[in-house]
Amino acid sequence: MAKELSSREDNYSQWYTDLVTKADLAENSAVRGCMVIKPYGYAIWERMQAALDKMFKDTGHENAYFPLFIPKSFFSKEASHVEGFAKECAVVTHYRLKNDENGKGIVVDEDAKLEEELIVRPTSETIIWDTYRTWIQSYRDLPLLINQWANVVRWEMRTRLFLRTTEFLWQEGHTAHSTMEEAVAEAEQMLRIYAEFAEDWMAMPVLQGVKSPNERFAGAVETYCIEALMQDGKALQAGTSHFLGQNFAKAFDVKFLSKENKLEYVWATSWGVSTRLMGALVMSHSDNSGLVLPPKLASVQVVIIPIYKNQEQFDAISQKALEIKKSLEARNIRVKYDNRDTHKPGFKFTEWEFKGVPLRIAIGPRDLENQTVEIARRDTLEKEVLQMTGIDLKVENLLGQIQKNLFQKALDFRNMNTFKIDSWSDFTEQIEKGGFLLAHWDGTPETEQKIKDETKATIRLIPIESDPKPGLCVYTGKPSKQRVYFARAY
RNA sequence: CGGGAUGUAGCGCAGCCCGGUAGCGCGCGUCGUUCGGGACGACGAGGCCGCAGGUUCAAAUCCUGUCAUCCCGACCA
(Lines give C-alpha, C1' and ligand atoms only; values in the text may rest on other atoms or scores of the structure.)
Protein backbone atom coordinates (compact mmCIF):
# COMPACT_ATOMS: atom_id res chain seq x y z
CA MET A 1 0.00 0.00 0.00
CA ALA A 2 2.85 2.35 0.88
CA LYS A 3 0.49 4.92 2.33
CA GLU A 4 2.69 7.74 3.43
CA LEU A 5 0.78 9.74 6.00
CA SER A 6 1.98 13.21 6.86
CA SER A 7 2.46 13.56 10.58
CA ARG A 8 -0.18 15.27 12.67
CA GLU A 9 2.40 17.43 14.39
CA ASP A 10 4.33 18.55 11.32
CA ASN A 11 1.51 19.40 8.98
CA TYR A 12 -1.95 19.07 10.44
CA SER A 13 -3.92 20.05 7.38
CA GLN A 14 -1.93 17.76 5.10
CA TRP A 15 -2.35 14.99 7.65
CA TYR A 16 -6.11 15.52 7.50
CA THR A 17 -6.23 15.47 3.71
CA ASP A 18 -4.02 12.38 3.55
CA LEU A 19 -6.29 10.58 5.97
CA VAL A 20 -9.47 11.36 4.11
CA THR A 21 -8.09 10.37 0.72
CA LYS A 22 -5.84 7.47 1.68
CA ALA A 23 -8.35 5.86 4.02
CA ASP A 24 -10.78 5.94 1.08
CA LEU A 25 -13.35 8.20 2.70
CA ALA A 26 -13.55 10.70 -0.15
CA GLU A 27 -11.63 12.30 -2.98
CA ASN A 28 -11.70 15.45 -5.00
CA SER A 29 -13.82 15.25 -8.12
CA ALA A 30 -13.57 16.67 -11.60
CA VAL A 31 -15.84 19.47 -10.40
CA ARG A 32 -13.93 22.10 -8.50
CA GLY A 33 -14.84 22.15 -4.81
CA CYS A 34 -17.06 19.09 -5.04
CA MET A 35 -16.10 15.72 -3.61
CA VAL A 36 -16.81 12.12 -4.33
CA ILE A 37 -17.71 10.31 -1.13
CA LYS A 38 -16.34 6.80 -1.48
CA PRO A 39 -18.06 3.66 -0.17
CA TYR A 40 -15.99 3.44 3.01
CA GLY A 41 -16.76 7.07 3.85
CA TYR A 42 -20.37 6.92 2.78
CA ALA A 43 -20.93 3.90 5.03
CA ILE A 44 -20.00 6.07 8.01
CA TRP A 45 -22.30 8.85 6.83
CA GLU A 46 -25.11 6.32 6.49
CA ARG A 47 -24.60 5.27 10.10
CA MET A 48 -24.72 8.90 11.18
CA GLN A 49 -27.90 9.39 9.18
CA ALA A 50 -29.53 6.31 10.66
CA ALA A 51 -28.78 7.33 14.25
CA LEU A 52 -29.89 10.94 13.76
CA ASP A 53 -32.95 9.98 11.77
CA LYS A 54 -34.11 7.75 14.59
CA MET A 55 -33.59 10.54 17.11
CA PHE A 56 -35.64 12.90 14.96
CA LYS A 57 -38.45 10.39 14.52
CA ASP A 58 -38.44 9.60 18.23
CA THR A 59 -39.12 13.27 18.91
CA GLY A 60 -42.06 13.40 16.54
CA HIS A 61 -40.48 14.61 13.31
CA GLU A 62 -41.32 13.31 9.84
CA ASN A 63 -39.23 13.32 6.69
CA ALA A 64 -40.26 15.06 3.48
CA TYR A 65 -38.50 16.39 0.40
CA PHE A 66 -38.51 19.85 -1.16
CA PRO A 67 -37.05 20.97 -4.50
CA LEU A 68 -33.39 21.60 -5.27
CA PHE A 69 -34.29 24.80 -7.12
CA ILE A 70 -35.65 27.94 -5.54
CA PRO A 71 -37.18 30.80 -7.55
CA LYS A 72 -35.05 33.88 -7.14
CA SER A 73 -38.02 35.93 -5.97
CA PHE A 74 -38.63 33.61 -3.00
CA PHE A 75 -35.12 34.05 -1.98
CA SER A 76 -35.29 37.78 -1.60
CA LYS A 77 -38.36 37.87 0.61
CA GLU A 78 -36.49 37.75 3.89
CA ALA A 79 -34.00 40.59 3.87
CA SER A 80 -31.20 39.36 6.13
CA HIS A 81 -31.52 35.85 4.70
CA VAL A 82 -30.71 37.02 1.13
CA GLU A 83 -27.93 39.18 2.39
CA GLY A 84 -26.37 36.23 4.16
CA PHE A 85 -26.42 33.87 1.22
CA ALA A 86 -26.39 36.07 -1.90
CA LYS A 87 -22.61 35.91 -2.34
CA GLU A 88 -22.46 32.13 -2.58
CA CYS A 89 -25.36 31.04 -4.75
CA ALA A 90 -25.28 28.98 -7.91
CA VAL A 91 -27.87 30.30 -10.37
CA VAL A 92 -29.64 28.45 -13.16
CA THR A 93 -30.35 30.79 -16.04
CA HIS A 94 -31.00 28.48 -19.02
CA TYR A 95 -32.61 25.14 -19.62
CA ARG A 96 -31.14 23.96 -22.93
CA LEU A 97 -27.88 23.36 -24.78
CA LYS A 98 -27.26 23.25 -28.51
CA ASN A 99 -24.49 22.53 -30.98
CA ASP A 100 -22.41 25.60 -31.65
CA GLU A 101 -22.85 26.98 -35.17
CA ASN A 102 -19.09 27.44 -35.51
CA GLY A 103 -18.48 23.83 -34.58
CA LYS A 104 -17.03 24.59 -31.18
CA GLY A 105 -18.99 21.87 -29.44
CA ILE A 106 -21.94 22.29 -27.12
CA VAL A 107 -22.98 25.78 -26.04
CA VAL A 108 -25.79 27.29 -23.99
CA ASP A 109 -28.85 27.99 -26.11
CA GLU A 110 -29.49 31.68 -25.54
CA ASP A 111 -33.06 31.22 -26.74
CA ALA A 112 -33.68 28.98 -23.75
CA LYS A 113 -33.36 31.66 -21.10
CA LEU A 114 -35.51 31.19 -18.00
CA GLU A 115 -38.18 33.81 -17.27
CA GLU A 116 -37.11 33.73 -13.67
CA GLU A 117 -33.73 32.42 -12.61
CA LEU A 118 -33.56 29.50 -10.22
CA ILE A 119 -31.23 29.38 -7.26
CA VAL A 120 -29.68 26.05 -6.34
CA ARG A 121 -30.67 25.84 -2.66
CA PRO A 122 -28.00 26.88 -0.18
CA THR A 123 -30.67 26.04 2.45
CA SER A 124 -34.41 25.58 2.06
CA GLU A 125 -36.18 28.01 4.40
CA THR A 126 -37.72 30.03 1.60
CA ILE A 127 -39.19 27.25 -0.50
CA ILE A 128 -40.37 25.46 2.62
CA TRP A 129 -42.07 28.50 4.14
CA ASP A 130 -43.71 29.27 0.84
CA THR A 131 -45.13 25.74 0.98
CA TYR A 132 -46.06 25.86 4.66
CA ARG A 133 -48.34 28.81 3.92
CA THR A 134 -50.67 26.43 2.15
CA TRP A 135 -50.38 23.73 4.80
CA ILE A 136 -51.15 25.81 7.85
CA GLN A 137 -54.47 27.42 8.57
CA SER A 138 -55.37 26.54 12.13
CA TYR A 139 -53.63 25.95 15.44
CA ARG A 140 -54.76 22.36 14.83
CA ASP A 141 -52.20 22.12 12.01
CA LEU A 142 -49.45 22.91 14.50
CA PRO A 143 -46.83 22.05 15.41
CA LEU A 144 -45.54 21.05 12.00
CA LEU A 145 -42.36 19.03 12.48
CA ILE A 146 -40.56 18.25 9.22
CA ASN A 147 -37.04 17.17 8.35
CA GLN A 148 -35.41 16.63 5.00
CA TRP A 149 -32.21 14.87 3.98
CA ALA A 150 -30.79 16.72 1.03
CA ASN A 151 -27.82 18.16 -0.79
CA VAL A 152 -27.18 21.90 -0.84
CA VAL A 153 -24.76 24.15 -2.68
CA ARG A 154 -22.79 27.07 -1.30
CA TRP A 155 -20.24 28.55 -3.68
CA GLU A 156 -17.25 28.73 -1.35
CA MET A 157 -13.95 30.32 -2.31
CA ARG A 158 -11.79 27.71 -0.67
CA THR A 159 -12.89 24.17 -0.05
CA ARG A 160 -11.62 21.20 1.94
CA LEU A 161 -12.90 17.64 1.81
CA PHE A 162 -15.89 17.30 4.16
CA LEU A 163 -15.11 20.47 6.12
CA ARG A 164 -16.13 22.87 3.40
CA THR A 165 -17.24 21.68 -0.01
CA THR A 166 -19.28 23.47 -2.64
CA GLU A 167 -21.96 20.80 -2.56
CA PHE A 168 -22.60 18.98 0.68
CA LEU A 169 -25.09 16.57 2.18
CA TRP A 170 -27.07 17.43 5.27
CA GLN A 171 -30.38 17.28 7.00
CA GLU A 172 -32.45 20.36 7.62
CA GLY A 173 -35.34 20.40 10.03
CA HIS A 174 -38.02 23.05 9.61
CA THR A 175 -40.73 23.37 12.21
CA ALA A 176 -43.71 25.65 12.76
CA HIS A 177 -45.28 26.35 16.14
CA SER A 178 -48.17 28.32 17.58
CA THR A 179 -46.18 29.94 20.37
CA MET A 180 -42.77 31.45 20.78
CA GLU A 181 -42.10 29.35 23.87
CA GLU A 182 -42.76 26.15 21.98
CA ALA A 183 -40.49 27.16 19.10
CA VAL A 184 -37.65 28.08 21.45
CA ALA A 185 -38.11 24.77 23.26
CA GLU A 186 -37.90 22.97 19.91
CA ALA A 187 -34.68 24.73 18.93
CA GLU A 188 -33.20 23.87 22.31
CA GLN A 189 -34.37 20.28 22.12
CA MET A 190 -32.73 19.77 18.74
CA LEU A 191 -29.50 21.25 20.04
CA ARG A 192 -29.54 18.70 22.86
CA ILE A 193 -30.13 15.93 20.33
CA TYR A 194 -27.14 17.07 18.31
CA ALA A 195 -25.00 17.19 21.44
CA GLU A 196 -26.15 13.73 22.45
CA PHE A 197 -25.38 12.38 18.99
CA ALA A 198 -21.92 13.98 18.91
CA GLU A 199 -21.00 12.64 22.33
CA ASP A 200 -22.66 9.21 22.33
CA TRP A 201 -22.07 8.21 18.73
CA MET A 202 -19.09 10.21 17.53
CA ALA A 203 -17.39 10.16 20.95
CA MET A 204 -16.80 13.85 20.39
CA PRO A 205 -17.41 16.17 23.36
CA VAL A 206 -19.17 19.39 22.42
CA LEU A 207 -19.93 22.69 24.06
CA GLN A 208 -23.48 24.01 23.79
CA GLY A 209 -24.53 27.61 23.67
CA VAL A 210 -25.77 30.44 21.51
CA LYS A 211 -24.02 32.42 18.80
CA SER A 212 -23.17 36.09 19.08
CA PRO A 213 -25.10 38.35 16.66
CA ASN A 214 -22.10 38.40 14.29
CA GLU A 215 -22.16 34.63 13.92
CA ARG A 216 -25.92 34.21 13.86
CA PHE A 217 -27.70 32.48 10.95
CA ALA A 218 -29.06 34.85 8.32
CA GLY A 219 -32.71 35.30 9.24
CA ALA A 220 -32.59 33.84 12.75
CA VAL A 221 -33.49 35.52 16.02
CA GLU A 222 -31.24 33.18 17.95
CA THR A 223 -28.72 30.58 16.77
CA TYR A 224 -27.83 27.70 19.08
CA CYS A 225 -24.75 25.65 18.32
CA ILE A 226 -22.53 22.80 19.34
CA GLU A 227 -18.80 23.37 19.07
CA ALA A 228 -16.01 20.82 19.24
CA LEU A 229 -12.28 21.28 19.64
CA MET A 230 -10.08 19.65 17.04
CA GLN A 231 -6.64 18.20 17.80
CA ASP A 232 -4.85 21.21 16.35
CA GLY A 233 -6.57 23.52 18.82
CA LYS A 234 -9.07 24.97 16.36
CA ALA A 235 -12.80 24.95 17.04
CA LEU A 236 -15.32 23.45 14.70
CA GLN A 237 -19.01 24.23 14.57
CA ALA A 238 -20.60 20.81 14.38
CA GLY A 239 -24.27 21.66 14.30
CA THR A 240 -26.69 24.56 14.57
CA SER A 241 -30.28 25.02 15.60
CA HIS A 242 -32.11 28.28 14.98
CA PHE A 243 -35.05 30.02 16.58
CA LEU A 244 -36.38 31.97 13.61
CA GLY A 245 -39.05 33.96 15.45
CA GLN A 246 -41.76 35.07 13.05
CA ASN A 247 -39.31 36.31 10.42
CA PHE A 248 -40.10 33.71 7.79
CA ALA A 249 -43.80 33.57 8.71
CA LYS A 250 -44.04 37.28 8.02
CA ALA A 251 -41.96 37.13 4.86
CA PHE A 252 -44.07 34.28 3.46
CA ASP A 253 -47.34 35.25 5.09
CA VAL A 254 -47.84 32.08 7.11
CA LYS A 255 -50.71 32.69 9.54
CA PHE A 256 -52.93 30.48 11.61
CA LEU A 257 -56.20 30.93 13.40
CA SER A 258 -55.72 30.45 17.15
CA LYS A 259 -58.10 28.86 19.63
CA GLU A 260 -59.28 32.38 20.40
CA ASN A 261 -60.13 32.78 16.71
CA LYS A 262 -57.34 35.30 16.21
CA LEU A 263 -55.13 35.35 13.09
CA GLU A 264 -51.47 35.06 14.12
CA TYR A 265 -48.10 34.50 12.50
CA VAL A 266 -46.51 31.13 13.29
CA TRP A 267 -43.19 30.70 15.10
CA ALA A 268 -40.39 28.83 13.39
CA THR A 269 -37.19 26.85 13.88
CA SER A 270 -34.65 25.26 11.60
CA TRP A 271 -31.70 23.03 12.43
CA GLY A 272 -29.04 21.11 10.57
CA VAL A 273 -25.93 18.99 10.58
CA SER A 274 -23.92 18.12 7.50
CA THR A 275 -21.22 15.88 6.08
CA ARG A 276 -18.93 18.27 7.90
CA LEU A 277 -19.41 15.91 10.83
CA MET A 278 -17.28 13.46 8.87
CA GLY A 279 -14.41 15.92 9.03
CA ALA A 280 -15.02 16.46 12.73
CA LEU A 281 -14.95 12.73 13.31
CA VAL A 282 -11.64 12.34 11.50
CA MET A 283 -10.01 15.23 13.34
CA SER A 284 -11.26 14.25 16.79
CA HIS A 285 -9.66 10.84 17.21
CA SER A 286 -7.22 9.95 14.46
CA ASP A 287 -3.46 9.68 14.90
CA ASN A 288 -0.25 9.19 12.94
CA SER A 289 -1.16 5.57 12.22
CA GLY A 290 -4.30 6.67 10.43
CA LEU A 291 -7.98 6.92 11.06
CA VAL A 292 -9.50 6.03 14.42
CA LEU A 293 -13.23 5.32 14.30
CA PRO A 294 -15.57 5.04 17.27
CA PRO A 295 -17.12 1.54 17.29
CA LYS A 296 -20.66 2.86 17.05
CA LEU A 297 -20.00 4.45 13.67
CA ALA A 298 -17.37 2.11 12.21
CA SER A 299 -18.77 0.11 9.31
CA VAL A 300 -16.32 -2.67 10.19
CA GLN A 301 -15.95 -3.00 13.96
CA VAL A 302 -13.77 -6.09 14.02
CA VAL A 303 -11.47 -7.44 11.34
CA ILE A 304 -10.20 -11.00 11.53
CA ILE A 305 -6.85 -11.72 9.88
CA PRO A 306 -5.57 -15.25 9.30
CA ILE A 307 -1.87 -16.10 9.52
CA TYR A 308 -0.83 -19.21 7.68
CA LYS A 309 1.91 -20.89 5.68
CA ASN A 310 -0.04 -23.31 3.53
CA GLN A 311 -3.49 -24.24 2.32
CA GLU A 312 -4.00 -26.77 5.10
CA GLN A 313 -3.38 -24.16 7.79
CA PHE A 314 -5.48 -21.62 5.96
CA ASP A 315 -8.45 -23.99 5.86
CA ALA A 316 -8.19 -24.83 9.54
CA ILE A 317 -7.84 -21.18 10.53
CA SER A 318 -10.67 -20.08 8.25
CA GLN A 319 -12.97 -22.54 9.90
CA LYS A 320 -12.21 -21.04 13.33
CA ALA A 321 -12.35 -17.50 12.03
CA LEU A 322 -15.78 -18.02 10.53
CA GLU A 323 -17.00 -19.55 13.78
CA ILE A 324 -15.82 -16.50 15.68
CA LYS A 325 -17.31 -14.22 13.05
CA LYS A 326 -20.66 -15.92 13.47
CA SER A 327 -20.58 -15.68 17.24
CA LEU A 328 -19.78 -11.96 17.04
CA GLU A 329 -22.49 -11.32 14.48
CA ALA A 330 -24.93 -12.98 16.84
CA ARG A 331 -24.17 -10.03 19.13
CA ASN A 332 -24.79 -7.57 16.29
CA ILE A 333 -21.10 -6.84 15.88
CA ARG A 334 -19.98 -5.93 12.37
CA VAL A 335 -17.13 -8.25 11.38
CA LYS A 336 -14.96 -8.65 8.33
CA TYR A 337 -12.87 -11.74 7.71
CA ASP A 338 -9.97 -10.61 5.54
CA ASN A 339 -9.13 -13.84 3.73
CA ARG A 340 -7.34 -12.25 0.80
CA ASP A 341 -4.45 -14.41 -0.28
CA THR A 342 -2.82 -11.57 -2.16
CA HIS A 343 -1.47 -9.72 0.88
CA LYS A 344 0.60 -10.69 3.86
CA PRO A 345 -0.69 -10.31 7.42
CA GLY A 346 1.59 -7.38 8.17
CA PHE A 347 0.19 -5.50 5.23
CA LYS A 348 -3.34 -6.15 6.38
CA PHE A 349 -2.54 -5.03 9.92
CA THR A 350 -1.32 -1.71 8.64
CA GLU A 351 -4.14 -1.28 6.19
CA TRP A 352 -6.97 -1.87 8.66
CA GLU A 353 -5.21 0.18 11.26
CA PHE A 354 -5.07 2.97 8.71
CA LYS A 355 -8.76 2.63 8.06
CA GLY A 356 -9.54 2.95 11.75
CA VAL A 357 -11.15 -0.43 12.45
CA PRO A 358 -11.57 -0.50 16.27
CA LEU A 359 -10.52 -4.11 16.89
CA ARG A 360 -8.34 -6.62 15.07
CA ILE A 361 -8.27 -10.33 15.74
CA ALA A 362 -5.34 -12.32 14.36
CA ILE A 363 -5.43 -16.11 14.26
CA GLY A 364 -2.36 -18.18 13.40
CA PRO A 365 -1.18 -21.80 13.78
CA ARG A 366 0.02 -21.12 17.35
CA ASP A 367 -3.42 -19.83 18.28
CA LEU A 368 -5.06 -22.87 16.82
CA GLU A 369 -2.86 -25.03 18.97
CA ASN A 370 -3.53 -23.04 22.14
CA GLN A 371 -7.16 -22.14 21.44
CA THR A 372 -6.29 -18.43 21.59
CA VAL A 373 -6.45 -15.32 19.41
CA GLU A 374 -4.42 -12.14 19.36
CA ILE A 375 -6.57 -9.07 19.75
CA ALA A 376 -5.40 -5.50 19.06
CA ARG A 377 -7.12 -2.24 19.97
CA ARG A 378 -6.94 0.59 17.48
CA ASP A 379 -7.37 3.34 20.07
CA THR A 380 -4.42 2.31 22.25
CA LEU A 381 -2.57 0.09 19.74
CA GLU A 382 -2.29 -2.49 22.55
CA LYS A 383 -2.27 -6.20 21.84
CA GLU A 384 -3.17 -9.14 24.04
CA VAL A 385 -3.66 -12.87 23.63
CA LEU A 386 -7.06 -14.19 24.71
CA GLN A 387 -8.78 -17.54 24.97
CA MET A 388 -11.11 -18.28 22.09
CA THR A 389 -13.91 -19.31 24.39
CA GLY A 390 -16.02 -16.32 25.34
CA ILE A 391 -14.31 -14.10 22.81
CA ASP A 392 -17.67 -12.74 21.66
CA LEU A 393 -18.46 -11.30 25.06
CA LYS A 394 -14.93 -9.96 25.48
CA VAL A 395 -15.10 -8.22 22.10
CA GLU A 396 -18.45 -6.69 22.89
CA ASN A 397 -17.05 -5.28 26.13
CA LEU A 398 -13.91 -4.02 24.43
CA LEU A 399 -15.91 -2.17 21.80
CA GLY A 400 -17.81 -0.45 24.59
CA GLN A 401 -14.56 0.44 26.34
CA ILE A 402 -13.07 1.85 23.15
CA GLN A 403 -16.12 4.02 22.56
CA LYS A 404 -15.82 5.39 26.12
CA ASN A 405 -12.08 5.78 25.97
CA LEU A 406 -12.22 7.82 22.76
CA PHE A 407 -14.72 10.19 24.31
CA GLN A 408 -12.70 10.50 27.50
CA LYS A 409 -9.48 11.18 25.60
CA ALA A 410 -11.16 13.87 23.54
CA LEU A 411 -12.72 15.38 26.66
CA ASP A 412 -9.38 15.41 28.48
CA PHE A 413 -7.83 17.09 25.48
CA ARG A 414 -10.50 19.78 25.46
CA ASN A 415 -10.21 20.37 29.18
CA MET A 416 -6.45 20.73 28.91
CA ASN A 417 -6.94 23.18 26.07
CA THR A 418 -9.56 25.42 27.61
CA PHE A 419 -8.17 28.46 29.36
CA LYS A 420 -9.67 31.17 31.53
CA ILE A 421 -8.19 34.36 30.20
CA ASP A 422 -8.33 37.71 32.01
CA SER A 423 -5.83 39.94 30.24
CA TRP A 424 -5.44 40.97 26.63
CA SER A 425 -1.78 40.00 26.56
CA ASP A 426 -2.63 36.49 27.80
CA PHE A 427 -5.33 36.37 25.17
CA THR A 428 -3.08 37.24 22.26
CA GLU A 429 -0.40 34.87 23.51
CA GLN A 430 -2.70 31.90 24.10
CA ILE A 431 -4.68 32.25 20.88
CA GLU A 432 -1.48 31.51 18.96
CA LYS A 433 -1.23 28.18 20.74
CA GLY A 434 -4.86 27.27 20.10
CA GLY A 435 -7.68 26.02 22.29
CA PHE A 436 -10.81 27.56 23.75
CA LEU A 437 -10.32 30.86 25.54
CA LEU A 438 -12.94 31.59 28.18
CA ALA A 439 -12.97 35.34 28.51
CA HIS A 440 -15.23 38.23 29.34
CA TRP A 441 -16.71 40.26 26.50
CA ASP A 442 -18.59 43.53 26.68
CA GLY A 443 -21.37 42.20 24.47
CA THR A 444 -20.87 44.53 21.49
CA PRO A 445 -20.41 43.37 17.89
CA GLU A 446 -17.73 46.08 17.49
CA THR A 447 -15.50 44.54 20.14
CA GLU A 448 -16.00 41.06 18.73
CA GLN A 449 -15.03 42.36 15.29
CA LYS A 450 -11.91 44.09 16.60
CA ILE A 451 -10.83 40.95 18.41
CA LYS A 452 -11.37 38.98 15.21
CA ASP A 453 -9.38 41.47 13.14
CA GLU A 454 -6.48 41.43 15.56
CA THR A 455 -6.33 37.73 16.43
CA LYS A 456 -8.51 35.81 13.90
CA ALA A 457 -10.42 34.51 16.94
CA THR A 458 -14.21 34.61 17.02
CA ILE A 459 -16.76 34.00 19.72
CA ARG A 460 -17.62 30.36 19.21
CA LEU A 461 -20.46 30.44 21.65
CA ILE A 462 -22.02 32.10 24.64
CA PRO A 463 -22.81 29.46 27.27
CA ILE A 464 -26.37 29.32 28.52
CA GLU A 465 -25.83 29.78 32.25
CA SER A 466 -28.31 29.85 35.06
CA ASP A 467 -25.92 31.85 37.21
CA PRO A 468 -23.70 34.02 34.99
CA LYS A 469 -20.66 35.59 36.68
CA PRO A 470 -20.06 39.20 35.63
CA GLY A 471 -16.60 40.62 35.01
CA LEU A 472 -14.66 42.99 32.77
CA CYS A 473 -14.22 42.66 29.01
CA VAL A 474 -10.83 41.22 28.14
CA TYR A 475 -10.45 43.73 25.30
CA THR A 476 -12.17 46.98 26.37
CA GLY A 477 -12.33 46.55 30.16
CA LYS A 478 -16.02 47.42 30.06
CA PRO A 479 -18.54 45.46 32.14
CA SER A 480 -19.36 41.95 30.94
CA LYS A 481 -22.25 39.74 31.96
CA GLN A 482 -20.41 36.43 31.59
CA ARG A 483 -17.50 34.63 30.04
CA VAL A 484 -17.79 33.45 26.44
CA TYR A 485 -15.73 30.96 24.42
CA PHE A 486 -13.27 32.39 21.92
CA ALA A 487 -11.25 30.32 19.45
CA ARG A 488 -9.87 30.25 15.98
CA ALA A 489 -12.26 28.15 13.97
CA TYR A 490 -12.70 26.06 10.86
C1' C B 1 -10.58 38.80 -7.53
C1' G B 2 -5.00 39.96 -5.91
C1' G B 3 0.22 37.33 -4.65
C1' G B 4 3.13 32.61 -5.45
C1' A B 5 3.78 27.81 -7.70
C1' U B 6 2.80 23.53 -10.68
C1' G B 7 0.84 20.64 -15.11
C1' U B 8 5.44 14.34 -17.91
C1' A B 9 2.19 6.40 -16.95
C1' G B 10 -3.17 5.10 -12.08
C1' C B 11 -0.26 7.88 -7.92
C1' G B 12 4.40 10.55 -6.44
C1' C B 13 8.32 12.63 -9.13
C1' A B 14 13.15 13.30 -12.32
C1' G B 15 14.42 15.11 -17.19
C1' C B 16 13.79 21.32 -19.18
C1' C B 17 19.07 25.89 -17.74
C1' C B 18 22.92 23.23 -22.16
C1' G B 19 16.71 21.03 -28.02
C1' G B 20 18.34 14.90 -30.74
C1' U B 21 11.99 11.89 -29.92
C1' A B 22 11.05 9.74 -22.26
C1' G B 23 12.95 7.67 -17.25
C1' C B 24 12.66 6.40 -11.73
C1' G B 25 9.77 4.80 -7.27
C1' C B 26 5.09 2.99 -5.85
C1' G B 27 0.99 0.68 -7.87
C1' C B 28 -0.86 -2.87 -11.86
C1' G B 29 -0.51 -8.20 -14.66
C1' U B 30 1.70 -13.43 -15.02
C1' C B 31 4.71 -17.21 -12.68
C1' G B 32 7.50 -18.98 -8.56
C1' U B 33 9.20 -18.66 -3.52
C1' U B 34 6.90 -16.42 0.90
C1' C B 35 3.14 -15.43 5.08
C1' G B 36 3.03 -14.00 13.87
C1' G B 37 3.83 -6.05 11.75
C1' G B 38 4.09 -2.57 5.21
C1' A B 39 7.72 -9.79 1.41
C1' C B 40 11.25 -11.17 -2.62
C1' G B 41 12.77 -12.64 -7.60
C1' A B 42 11.95 -13.09 -12.91
C1' C B 43 9.22 -11.43 -16.91
C1' G B 44 5.51 -7.90 -18.61
C1' A B 45 1.60 -4.02 -19.67
C1' G B 46 1.05 1.16 -19.47
C1' G B 47 2.67 8.08 -21.71
C1' C B 48 0.02 12.57 -28.74
C1' C B 49 5.16 15.29 -21.75
C1' G B 50 -2.25 20.10 -19.92
C1' C B 51 -4.03 22.44 -24.72
C1' A B 52 -3.17 25.68 -29.16
C1' G B 53 0.14 28.26 -32.03
C1' G B 54 5.31 29.66 -33.23
C1' U B 55 11.00 29.10 -33.77
C1' U B 56 14.01 24.88 -35.67
C1' C B 57 16.40 19.77 -39.93
C1' A B 58 14.61 18.36 -34.99
C1' A B 59 10.67 20.69 -29.15
C1' A B 60 8.79 17.53 -22.83
C1' U B 61 12.97 21.02 -23.31
C1' C B 62 13.11 27.65 -26.36
C1' C B 63 9.01 31.67 -27.40
C1' U B 64 3.69 33.32 -27.28
C1' G B 65 -1.10 32.48 -25.89
C1' U B 66 -4.63 29.62 -23.32
C1' C B 67 -6.86 26.24 -19.82
C1' A B 68 -6.60 23.74 -15.28
C1' U B 69 -4.99 22.67 -10.42
C1' C B 70 -2.62 23.71 -5.73
C1' C B 71 -0.82 27.11 -1.81
C1' C B 72 -1.28 32.27 0.61
C1' G B 73 -5.10 36.52 1.40
C1' A B 74 -10.86 38.81 1.33
C1' C B 75 -16.07 34.92 2.30
C1' C B 76 -18.00 30.67 5.09
C1' A B 77 -21.75 24.98 8.03
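Quick note on labels: first sequence line is chain A, next is B, and so on, each numbered from 1. Because only heavy atoms are used, hydrogens play no part in the values below, and waters and symmetry mates are left out as well, while side chains stay in.
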Exercise. Starting at the 5' end of RNA chain B, which residue's closest nucleotide do you reach first, Phe217(A) or Asp367(A)?
Worked result: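 It is Asp367(A) whose nearest nucleotide is closer to the 5' end.
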Exercise. Which residue lies toward the 5' end of RNA chain B, Asn28(A) or Lys452(A), if each is placed at its nearest nucleotide?
Worked result: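 Of the two residues, Asn28(A) wins.
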When the distance from [atom1] of [X] to [atom2] of [N] is rounded to whole Å, what number comes out?
X: Lys320(A); N: rG36(B); atom1: NZ; atom2: P; answer: 22 Å
X: Asp341(A); N: rC31(B); atom1: CG; atom2: P; answer: 12 Å
X: Leu386(A); N: rG36(B); atom1: CG; atom2: P; answer: 21 Å
X: Glu88(A); N: rC1(B); atom1: CD; atom2: P; answer: 18 Å
X: Arg160(A); N: rC70(B); atom1: CZ; atom2: P; answer: 13 Å

Exercise. Between His61(A) and Trp271(A), what is the ring plane arrangement, given parallel below 30°, perpendicular above 60°, and tilted in between?
Worked result: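 His61(A) and Trp271(A): perpendicular rings.
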Exercise. Is the Trp170(A) ring parallel, tilted or perpendicular to the Phe168(A) ring (thresholds 30°, 60°)?
Worked result: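 Correct class here is perpendicular.
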Problem set entry | Donor-acceptor pair (no angle test) under 3.5 Å: Glu351(A) side chain, rG38(B) base |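 Not at all, since no donor on one side and acceptor on the other fall under 3.5 Å apart.
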Exercise. Between rA68(B) and Arg32(A), is there an OP1 or OP2 to side-chain N/O distance shorter than 4.0 Å?
Worked result: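 No, Arg32(A) has no side-chain N/O under 4.0 Å of OP1/OP2 on rA68(B).
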Exercise. Looking at Lys383(A), does any N or O in its side chain come under 4.0 Å of the phosphate oxygens OP1/OP2 on rG36(B)?
Worked result: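 Answer no for this pair, as no side-chain N or O of Lys383(A) is under 4.0 Å from OP1 or OP2.
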Problem set entry | Tyr132(A)/His174(A) under ring-ring contact (aromatic ring centres under 6.0 Å, His included): CA gap, chis, key distance, verdict | CA-CA 10 Å; Tyr132(A) 281 3; His174(A) 297 273; 7.3 Å; no
Exercise. Of the nucleotides rG38(B), rA77(B), rG73(B), which has the atom closest to the Lys456(A) side chain?
Worked result: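 For the Lys456(A) side chain, the nearest candidate turns out to be rG73(B).
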For this session: Among Arg360(A), Arg378(A), Lys348(A), Arg377(A), find the residue that satisfies the salt bridge (Lys or Arg N to Asp or Glu O under 4.0 Å) test when tested with Glu353(A).
Result: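 Exactly one option meets the salt bridge (Lys or Arg N to Asp or Glu O under 4.0 Å) with Glu353(A), and it is Arg360(A).
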